[in-house]
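Reading through the structure tokens given below for one structure.
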Amino acid sequence: MELIDTFFNWDVMVRAFPILMRGLGNTLLLGIVTIVIGTMAGLLLCLVRLYAIRPIQLLAIIYIDVFRALPILVLLILVYYALPFVGIRFDSFTSATVALSMVLAAFTAEVCRAGIQNVPKGQFEAAASLGMPFWQSMRKIILPQAIRVIIPPLTSNSISVFKDTALASVVAMPDLLKQANDAQAMMANPSPLIVAAVIYLIILWPMVRVVGYLEARNQRALAR
């Protein structure tokens, strides 16, 4: 009974639920905006990494290596607390969006690179023999084939970023986790954290199943 009263207190959960709902909207918005910006930036970064002149390629490689290795929490704190010292000031939502998007772009670039390099070289040569410009061959021939390989790891990265939105609470953004922490402190009971965990599970579990389905479908397609 002590365990139930401490972590699964129904009365506390009911009272905390409206507070958590106020943070859920911010979490969903941050996750969606980050995934859109990070994915688009990652694809652009991948194309620079593969096809730009060598000095620009090296800059892209350095960016990808650094931001894949840098902890998101450190980057988030630098964007929110350090940039104001050089005259650049973002609110908490923008800071979280910038930090998460920069990291997602680095991971997305590597996923896209693997997908594009998985396309047989004959497809590139066929597009060139037809006289297609670079962007047209990418849009009509290369990317449609690469997307089949890219989608599962890209979705997996998106799930990770969605969970990392919880780090935005360190810059005082009122997301789902921060609202749960505030409710926990106010009610002197950790039950709101359990409710928050269930909400994360409800949001992310379908995405996890989608990744599993896409991976299985991709394996079946490759086995044919």
Side-chain angles (χ1 to χ4, degrees), residues 29-72 74-76 78-79 83 88 90 93-165 167 207-208 210-219 221-222:
L29 183 61
L30 176 60
I32 292 169
V33 172
T34 297
I35 289 170
V36 171
I37 295 176
T39 301
M40 293 175 64
L43 178 58
L44 181 62
L45 192 60
C46 165
L47 296 177
V48 171
R49 163 80 171 77
L50 289 175
Y51 303 112
I53 59 175
R54 189 59 184 165
I56 305 298
Q57 280 187 356
L58 289 176
L59 291 176
I61 292 171
I62 292 171
Y63 176 94
I64 292 169
D65 288 350
V66 168
F67 282 92
R68 288 178 73 198
L70 199 61
I72 294 179
V74 174
L75 181 60
L76 186 59
L78 288 175
V79 170
L83 286 184
I88 302 173
F90 295 131
F93 181 86
T94 305
S95 298
T97 302
V98 169
L100 292 170
S101 298
M102 291 173 79
V103 173
L104 179 60
F107 281 94
T108 300
E110 285 301 274
V111 169
C112 291
R113 182 172 69 87
I116 290 174
Q117 290 181 333
N118 189 61
V119 177
K121 288 185 179 179
Q123 300 293 315
F124 291 87
E125 294 168 356
S129 66
L130 292 172
M132 281 189 175
F134 174 78
W135 289 110
Q136 188 179 10
S137 63
M138 273 290 160
R139 183 166 52 86
K140 291 191 173 181
I141 296 180
I142 306 304
L143 289 181
Q145 297 181 71
I147 283 175
R148 191 175 62 182
V149 178
I150 289 172
I151 289 295
L154 205 59
T155 309
S156 187
N157 285 346
S158 298
I159 293 171
S160 296
V161 164
F162 228 110
K163 287 194 295 184
D164 289 336
T165 58
L167 295 173
M207 296 176 67
V208 172
V210 168
V211 172
Y213 167 75
L214 292 174
E215 287 177 342
R217 192 181 68 170
N218 195 34
Q219 287 177 353
L222 292 174

Looking at [X] and [Y], what are the two nearest heavy atoms and their distance?
X: Ala127; Y: Ile141; value: CB-CD1, 3.7 Å
X: Phe67; Y: Val103; value: O-CG1, 3.9 Å
X: Asn157; Y: Phe107; value: ND2-CB, 3.8 Å
X: Gly115; Y: Ile150; value: CA-CG1, 3.9 Å
X: Cys46; Y: Ala109; value: CB-O, 3.6 Å
X: Val149; Y: Asn118; value: CG2-ND2, 3.3 Å

Say you draw a straight line from [atom1] of [X] to [atom2] of [Y]; how long is it, rounded to the nearest 0.5 Å?
X: Ile64; Y: Arg113; atom1: CD1; atom2: CZ; result: 7.5 Å
X: Met40; Y: Leu44; atom1: CE; atom2: CG; result: 9.0 Å
X: Ile61; Y: Ile56; atom1: CD1; atom2: CD1; result: 11.5 Å
X: Leu45; Y: Glu110; atom1: CG; atom2: CD; result: 8.5 Å
X: Phe124; Y: Met138; atom1: CZ; atom2: CE; result: 5.0 Å
X: Ile159; Y: Leu154; atom1: CD1; atom2: CG; result: 10.5 Å

task: With sequence neighbours excluded, give me every side chain to side chain donor-acceptor pair (under 3.5 Å) pair touching residues 137-147.
output: Gln123-Gln145

Heavy-atom donor-acceptor pair, [X] side chain to [Y] backbone, under 3.5 Å:
X: Gln57; Y: Val48; result: no
X: Ser156; Y: Pro152; result: no
X: Thr34; Y: Gly31; result: no

Set of side-chain hydrogen bond (donor to acceptor under 3.5 Å, both in side chains) partners for Arg49, sequence neighbours left out: none

- prompt: Under the criterion side chain to side chain contact (heavy atoms under 4.5 Å, CB included), which of Leu100, Leu30, Leu104 is the partner of Asp164?
  reply: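 The option that passes is Leu100.
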
Ring pair (Phe, Tyr, Trp, His ring centres under 6.0 Å) partners of Tyr51, counting only residues at least two apart: Phe134

field: Any side-chain heavy-atom pair of Ile35 and Phe162 under 4.5 Å
entry: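 Contact flag for Ile35/Phe162 side chains = yes.
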
message: Run the side chain to side chain contact (heavy atoms under 4.5 Å, CB included) test on Val208 and Thr155 for me, step by step, so that the C-alpha distance in whole Å, both residues' side-chain angles and the decisive distance to 0.1 Å come before the verdict.
response: CA-CA 8 Å; Val208 172; Thr155 309; over 6 Å; no

